[in-house]
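Quick notes on the structure that follows.
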Number of protein chains: 2
Amino acid sequence: MVLQVHHRIVTHRIRIKDIALQAGVSTGTVDRVLHNRGEVSQATRDKILSLIQESDYTPNLAAKSLANRNPYRIAVLIPEGDVTNPYWKMPLRGIRRAAREIRDYNTGIEIYRFDMDSRSSFQTRLTEVLKSNPAGVVLAPVFQDQAAEFLKQLNDKGIPCVLIDSRLRKSNYLSAFGQDALKSGFLAARLMCFGIRPGSSILLLKLARPDGIIHHLSRRAKGFSGYIGKCTPSKDISIRTLTIDLTAPGEPAASLDKAMAEQPDIAGIFVTSSRASVVAEYMESRNKSEIILIGYDLTEANRKYLKNGTIDFLISQKPDDQGYNSIMTLCRYLVFKLLPVRIQYSPIDIITKENIDFYQT
Amino acid sequence: MVLQVHHRIVTHRIRIKDIALQAGVSTGTVDRVLHNRGEVSQATRDKILSLIQESDYTPNLAAKSLANRNPYRIAVLIPEGDVTNPYWKMPLRGIRRAAREIRDYNTGIEIYRFDMDSRSSFQTRLTEVLKSNPAGVVLAPVFQDQAAEFLKQLNDKGIPCVLIDSRLRKSNYLSAFGQDALKSGFLAARLMCFGIRPGSSILLLKLARPDGIIHHLSRRAKGFSGYIGKCTPSKDISIRTLTIDLTAPGEPAASLDKAMAEQPDIAGIFVTSSRASVVAEYMESRNKSEIILIGYDLTEANRKYLKNGTIDFLISQKPDDQGYNSIMTLCRYLVFKLLPVRIQYSPIDIITKENIDFYQT
DNA sequence: CTGAAAGCGCTTACAG
DNA sequence: CTGAAAGCGCTTACAG
């Protein structure tokens with residue numbers, strides 16, 4: 001049945017059965033060549049292959065997943081999310097959303113969480129995951145050397161792995177989700193330069209974790225500084241970098257008070273991490289809300305200060321989607337044998353008081 | 001089989017069969033109460049209903065769509081997209097993407113396009129669609145009175161309709177996709193105020209269509225003006241509105257030249273439509289690229305001028321997603337009986353030279 | 001009012 | 001190397 005309507009032709013889908021009929025074989029044989037399960041003579045194989053080419057056959061995914069009997073277990077290794085580390089609550093939401101959807105594909109997830117400040121807790125979880133022998137793994141490779149070793153072991157066992165929120169050089173993985181941290185630094189700087197009054201200075205704020213050298217935080221800083229360097233001539237902006245350990249007593253107020261006293265012309269602050277809220281809190285306490293404040297991530301705390309205007313811009317990378325897509329990518333690979341692209345960049349979204357209510361995720 | 005692992009329990013899904021077994025009836029009977037197809041005694045009905053409550057049964061969508069035999073036809077009514085109207089190419093991409101996916105759900109689409117400047121072409125298409133008796137309709141209600149009448153007729157025939165790119169007061173429809181145009185005008189103004197130097201003026205540019213009074217374009221203008229009114233005190237900004245008919249000979253250069261001559265302190269231009277590119281072209285020809293230019297939509301032409309810096313910001317609403325979601329909403333309703341929310345707001349995204357490469361859609 | 005059976009398109013043992 | 005058959009969870013005539 002072919003029915004012509006306005007720029008579009010609706011036809012019946014081609015099924016395995018149709019191919020089999022044309023080739024004069026059974027559906028089982030077509031399935032064998034479709035999945036390279038061997039045990040087919042070269043002659044019939046060629047015939048079927050060419051039939052498939054011509055017919056633009058695409059499998060019915062609903063039928064595929066229904067017929068698929070073996071359940072898959074996906075292990076997810078991500079940091080715990082708490083007050084000092086609010087970021088990781090966000091991808092987790094997406095992960096749970098994906099988990100609900102893939103139940104129909106006979107696939108479940110197991111979540112393993114580690115302490116972002118503890119190498120040993122990371123290692124403990126890695127070992128547990130390896131022992132549980134999952135069908136696939138989603139991994140936040142926070143400690144890079146251990147993660148690389150882990151990926152090797154997964155590779156030996158033929159277990160596919162999707163990386164979330166960073167890449168890993170020279171390792172073997174199915175796909176990696178991440179941001180272009182350098183470019184996001186550019187963007188922050190562009191916004192800062194756009195709004196700041198000429199002749200003032202900017203504070204680049206690194207809120208350090210005890211153990212953590214989070215790679216993409218320094219990339220953000222680098223991108224920011226690099227861009228400011230370019231825009232300086234026209235606006236005469238100076239930039240100063242400050243690192244504060246938030247776990248130290250009296251911080252960040254102590255260090256910020258000192259910086260402000262030394263440099264009263266500070267008109268903009270850029271925070272490389274998701275903790276801009278603690279700076280906003282400080283600024284409100286010192287009546288300095290007119291300073292331009294740019295940070296990252298739509299955490300609960302940041303959201304509040306964006307809405308009241310103390311934070312001017314937040315840059316976000318749809319962490320929810322990142323979590324969701326990491327699971328879906330792995331699931332599609334396991335269930336449908338769909339190969340993903342190797343690097344999947346997150347968006348670099350600009351969120352303000354005005355558009356936050358419409359921001360999805 | 002229940003297996004406890006790190007914060008998560010994996011169990012076998014409950015099936016209709018399980019419910020039937022517990023209730024001591026056949027699967028057919030369970031199906032009848034599940035879909036309110038009547039013909040079930042009150043007693044067994046109550047029993048099954050309570051069983052379903054307790055068991056948190058959710059249907060296997062893969063199986064559902066596989067078993068679903070009747071094919072659905074969705075009619076899509078949208079404007080033609082051409083040079084003077086580049087916007088409509090974008091949702092169409094999403095519509096086509098959705099069309100590919102829903103083939104597995106036994107659902108196809110038919111596209112009917114009309115001339116945005118011609119009431120009669122709209123009416124012609126409406127009549128055709130009505131005659132073709134589709135299972136559902138996706139409609140861009142450009143001519144509102146005719147669209148309202150059309151919705152009434154669909155309603156009488158029990159055909160569900162999803163609106164795209166605007167709402168319609170007091171009409172009956174399944175769901176509507178749209179932007180909050182007023183808020184997007186706020187956002188544009190916020191960006192403009194953030195970057196513009198104090199004491200200068202802004203041009204609010206309406207590029208009129210011959211026939212078209214597109215409702216959301218004037219909402220954008222209203223939002224923009226309203227916000228500028230608020231920010232004026234601190235920065236002393238004046239605003240001037242100009243309407244240009246692009247189909248008139250020598251435009252937009254003639255009108256813009258005149259405006260610039262009268263008001264040499266213009267430091268920012270806001271274009272309410274997707275045609276900022278024609279203003280960018282003008283600015284380049286007059287060596288005025290330093291003027292802040294803010295517009296809408298990631299058309300090919302706009303993209304070029306955003307990348308080279310002539311356009312500073314584009315506001316986008318993920319039109320691709322809007323197209324995609326409108327079809328998927330209708331399909332889920334038809335196939336799975338899933339009721340959507342009535343209003344689905346699009347995001348109000350800010351796109352710049354720095355983040356455009358990572359913008360999805 | 002209710003049940004038994006066939007079928008959606010695919011996969012997977014099993015038998016030859 | 002190949003085919004026939006059963007099964008995934010749901011829907012849908014059909015028979016009683």
Side-chain angles (χ1 to χ4, degrees), chain A residues 11-49 52 55-72 102-107 332 334-338, chain B residues 11-49 52 55-72 102-107 332 334-338:
Chain A
T11 76
H12 271 161
R13 278 287 275 279
I14 284 133
R15 304 156 302 172
I16 286 188
K17 201 181 189 176
D18 300 318
I19 310 265
L21 231 54
Q22 287 180 60
V25 298
S26 76
T27 61
T29 303
V30 175
D31 190 74
R32 276 178 203 104
V33 348
L34 234 24
H35 297 91
N36 291 310
R37 299 204 258 106
E39 309 194 349
V40 180
S41 76
Q42 194 59 45
T44 57
R45 190 182 148 78
D46 290 346
K47 189 171 186 179
I48 290 169
L49 238 27
I52 289 169
S55 65
D56 86 318
Y57 166 77
T58 53
N60 182 319
L61 297 187
K64 246 182 130 140
S65 73
L66 189 59
N68 185 59
R69 223 78 106 283
N70 44 345
Y72 294 111
I102 63 179
R103 291 179 65 191
D104 284 346
Y105 302 129
N106 222 343
T107 304
R332 277 192 290 259
L334 293 171
V335 179
F336 304 131
K337 311 293 172 241
L338 292 178
Chain B
T11 78
H12 272 159
R13 279 288 275 278
I14 285 136
R15 304 156 301 175
I16 286 188
K17 202 183 191 176
D18 299 319
I19 309 264
L21 232 52
Q22 287 180 61
V25 298
S26 75
T27 61
T29 303
V30 175
D31 190 74
R32 275 177 204 107
V33 349
L34 235 24
H35 297 92
N36 291 311
R37 296 202 260 106
E39 309 195 350
V40 180
S41 76
Q42 194 59 42
T44 59
R45 189 182 149 77
D46 289 345
K47 190 172 186 179
I48 290 169
L49 238 28
I52 288 170
S55 65
D56 84 320
Y57 166 78
T58 54
N60 183 319
L61 296 187
K64 245 181 130 143
S65 73
L66 189 58
N68 185 60
R69 222 79 104 282
N70 43 343
Y72 294 110
I102 63 177
R103 291 178 65 193
D104 285 345
Y105 301 128
N106 222 342
T107 305
R332 276 192 289 262
L334 293 171
V335 179
F336 303 130
K337 311 290 172 243
L338 292 177

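Note that the structure is a prediction, hence the values are computed from the model and not measured. Letters A, B, ... are given to chains in the order of the sequence lines, protein chains preceding strands, and every chain is numbered from 1.
- Checking dG9(C), dT11(D), dC10(D) against every side-chain atom of His35(B), the shortest atom distance belongs to dT11(D).
- dG9(C) atom P lies 8 Å from atom CG of Asn106(B), rounded to whole Å.
- Nucleic acid contact class of Asp31(B) (heavy atoms, under 4.0 Å, all strands): base.
- Taking atom OH on Tyr72(B) and atom P on dT11(D), their separation rounds to 11 Å, with Å as the unit.
- Nucleic acid contact for Tyr57(B): sugar-phosphate only, since backbone atoms but no base atoms lie under 4.0 Å from a heavy atom of the residue.
- Taking 4.0 angstrom as the limit, Thr44(A) places a side-chain polar atom (N or O) nearer than this to OP1 or OP2 of dT2(D).
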Pairs: protein N or O with nucleotides 3-5 of chain C N or O, under 3.5 Å:
{"residue": "dG3(C)", "atom": "OP2", "partner": "Ser26(B)", "partner atom": "N", "Å": "2.9"}
{"residue": "dG3(C)", "atom": "OP2", "partner": "Ser26(B)", "partner atom": "OG", "Å": "3.3"}
{"residue": "dG3(C)", "atom": "OP2", "partner": "Thr29(B)", "partner atom": "OG1", "Å": "2.7"}
{"residue": "dG3(C)", "atom": "O6", "partner": "Arg32(B)", "partner atom": "NH2", "Å": "2.4"}

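- At least one side-chain nitrogen or oxygen of Ser41(A) sits closer than 4.0 Å to the OP1 or OP2 atom of dT2(D).
- In this structure, the CD1 atom of Ile19(A) is 13 Å from the P atom of dG9(C), given to the nearest Å.
- For the pair Tyr105(A) OH and dT11(C) P, the interatomic distance rounds to 14 Å; values are reported in whole Å.
- Between the side chain of Tyr72(A) and the backbone N or O of Leu334(A), at least one donor-acceptor pair lies under 3.5 Å.
- Atom pair Lys17(A):NZ and dC8(C):C1' shows a separation of 10 Å (rounding to whole Å applied).
- Atom CG of Leu66(A) is separated from atom P of dG9(D) by 7 Å (rounded to the nearest Å).
- What separates CD of Gln42(B) from P of dC1(C) is a distance of 10 Å, to the nearest Å.
- With a cut-off of 3.5 Å on both pairing distances, the Watson-Crick and G-U wobble pairs of DNA chain D assemble into stems of 3 or more at C:1-3 with D:14-16, C:5-12 with D:5-12, C:14-16 with D:1-3.
- The distance between atom CZ of Arg45(B) and atom C1' of dT2(C), rounded to the nearest whole Å, is 15 Å.
- Comparing dG7(C), dC1(C), dC10(C) against the side chain of Ile16(A) picks out dC10(C) as the nearest.
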